[in-house]
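Okay, so here's the structure we're looking at.
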Amino acid sequence: MNNFNKVKNVVLITTISALAGCATVADMAGHDTATLNSDAAKGYNQVVSQASSQGVVDKNSKTAIRVNKVFNRLKPYAIKANTTGTPFDWEMTVIRSPELNAWAMPGGKMAVYTGIVEKLNLTDAEIAAITGHEMTHALEEHSKKDAGQKILTSLAFKIGSAALLYQTGETLSPESMGLLSDLGIDKPFSRGQESKADAGGLRLMAQAGYNPEAGITVWEKMEAINGRSSAVVTLMSTHPNSQQRISKIKALLPEVMPVYEAAIQGKAAK
């Protein structure tokens, strides 16, 4: 085996081994759960403070009341689903904005924009589907895993560039590194993470007594308003397109519908 083949094997082994433990890498780099949650809380407070100064924190509209009602109904089940070993301080802020958006920071700091509720004319169950989805991103620590992946992406590129330099005398251009990163793992959330968040969100909403079938109608509404379901969009986006999501959600319904039905029966018996 020549020296370059040895380098290639080192690159391959290092990359495969490293990618199997992104959360561990994040811990080693100071992105442990408690620290990440604390940093996120500080950032969240700044976001909310800025939104408040602009008069766009919505506490009293019908939309805000509905979002908070759904959030509070889901929260006990999100608390039970937390396996990180660190309690989350769940918090919801409704922001008055036309943007179709909702998000959750590490540690359970969340926001829903009024645009996504009002433009899509969401039912409470559809709000629960979106809220549960974002809760699952936090519970699965996808931001923490992405922090580890970004560290590993940088390491892999440096190793790969060194191997290329050894063989050809050339290095990877910034453009090539950016493209590889963009098409690889350096994205906000991966397709796999999005699918996992969909599945976790369905379970949370079912436990809270919201019909998981609303997970389908949310994406039907999203597809109708966006009209984005082409193969090119699917290839380049980290988000599965609407039809893919709908198909996966339908496949999960036999698993979560009994949870929903049990929750409804339990509420009726009280």
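Position 1 is the first residue of the sequence, and the numbers go up from there.
Checked against salt bridge (charged side-chain N to carboxylate O under 4.0 Å, His left out), K221 has the following partners two or more places apart in sequence or in another chain: E126. Taking K69 as the reference, nothing meets the side-chain contact (heavy atoms from CB on, under 4.5 Å) condition, with sequence neighbours excluded. With sequence neighbours excluded, the residues forming a salt bridge (charged side-chain N to carboxylate O under 4.0 Å, His left out) with E255 are R203, listed by chain and number. With sequence neighbours left out, D89 forms a side-chain hydrogen bond (donor to acceptor under 3.5 Å, both in side chains) with K109. Here Y77 pairs with nothing under the side-chain hydrogen bond (donor to acceptor under 3.5 Å, both in side chains) rule; sequence neighbours left out.
Across every non-hydrogen atom of A81 and L204, the tightest pair is CB-CD2, 4.4 Å. In this structure, A263 and A206 approach most closely via the heavy-atom pair CB-O, 3.4 Å. T136 approaches G200 most closely through the heavy-atom pair OG1-C, 3.2 Å. Closest approach of Y260 to N211, counting heavy atoms only: CE1-N, 3.4 Å. Residues L202 and P212 come closest through the heavy atom pair CD2-O, 3.5 Å. Looking at every heavy atom in both residues, P258 comes nearest to L253 through CD-O, 4.2 Å.
Contact annotation: the side chain of V94 never approaches that of K59 to less than 4.5 Å [non-hydrogen atoms, C-beta and beyond]. Between I79 and F88, every side-chain heavy-atom pair lies at or beyond the 4.5 Å cut-off. Inter-residue side-chain proximity for E141 and T84 is flagged as met; some heavy-atom pair is nearer than 4.5 Å. By the 4.5 Å heavy-atom criterion applied to side chains, V117 and I130 are not counted as neighbours. Looking only at side-chain heavy atoms (C-beta outward), M205 and H133 stay at 4.5 Å or farther from each other. Inter-residue side-chain proximity for H137 and K196 is flagged as unmet; no heavy-atom pair is nearer than 4.5 Å. Looking at heavy atoms from C-beta onward, I246 lies in side-chain contact with K250 at the 4.5 angstrom threshold. Side-chain contact between V112 and I95 is absent, with no heavy atoms from C-beta onward closer than 4.5 Å.
R245 places no side-chain N or O within 3.5 Å of a backbone atom of G215 that could act as its donor or acceptor partner. Without hydrogens or angle criteria, S38 side chain to A34 main chain gives no donor-acceptor distance under 3.5 Å. D124 contributes no side-chain N or O that, together with a main-chain N or O of A128, makes up a donor-acceptor pair within less than 3.5 Å. Counting only distance, with no hydrogens or angles, the side chain of T114 and the backbone of S97 share a donor-acceptor pair below 3.5 Å. S247 places a side-chain N or O within 3.5 Å of a backbone atom of Q243 that can act as its donor or acceptor partner. Put simply, the side chain of R73 gets close to the backbone of G209: a donor and an acceptor are under 3.5 Å apart. With hydrogens and angles ignored, the 3.5 Å screen pairs no side-chain donor or acceptor of T131 with any backbone N or O of F71.
A single hydrophobic cluster is not seen to contain both I65 and I127; linkage of ILVMFWY side chains at heavy-atom distances under 4.5 Å, directly or through other members, places them apart. M257 and W219 fall within the same hydrophobic cluster, where Ile, Leu, Val, Met, Phe, Trp and Tyr residues are linked whenever their side-chain heavy atoms come under 4.5 Å apart, directly or through other members. L252 and V218 fall within a single hydrophobic cluster, where Ile, Leu, Val, Met, Phe, Trp and Tyr side chains are chained together by heavy-atom contacts under 4.5 Å. Cluster annotation: I216 is connected to I225 through the hydrophobic network of ILVMFWY side chains, with a link wherever side-chain heavy atoms come within less than 4.5 Å.
Distance check: L74 CG to M110 CE gives 8.5 Å after rounding to the nearest 0.5 Å. Taking CD from Q50 and OG from S53, the interatomic distance works out to 6.0 Å, rounded to the nearest 0.5 Å. For the atom pair CG of N121 and CD1 of I116, the computed distance is 13.0 Å after rounding to the nearest 0.5 Å. If you take OG1 on T217 and CG on L122, they are separated by 8.5 Å, rounding to the nearest 0.5 Å.
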What donor-acceptor contacts under 3.5 angstrom involve side-chain atoms of residues 98-108, with partners at least two apart or in another chain?
| from | atom 1 | to | atom 2 | distance (Å) |
| --- | --- | --- | --- | --- |
| E99 | OE2 | N101 | ND2 | 3.4 |
| W103 | NE1 | Y113 | OH | 3.2 |

Q: List the steps, then state whether side-chain contact (heavy atoms from CB on, under 4.5 Å) holds for W90 with M135.
A: CA-CA 9 Å; W90 291 98; M135 283 177 157; 3.6 Å; yes

(Q) Please evaluate residues V48 and E91 with respect to the criterion side-chain contact (heavy atoms from CB on, under 4.5 Å), reporting the C-alpha separation (whole Å), side-chain torsions for both, the decisive distance (0.1 Å), and the verdict. (A) CA-CA 11 Å; V48 174; E91 188 175 351; 5.6 Å; no

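Using a 4.0 Å cut-off between a side-chain N of Lys or Arg and a carboxylate O of Asp or Glu, E118 and R96 qualify as a salt bridge. A salt bridge is defined here as a Lys NZ or Arg NE, NH1 or NH2 lying under 4.0 Å from an Asp or Glu carboxylate O, and K248 with D198 fails to meet this definition.
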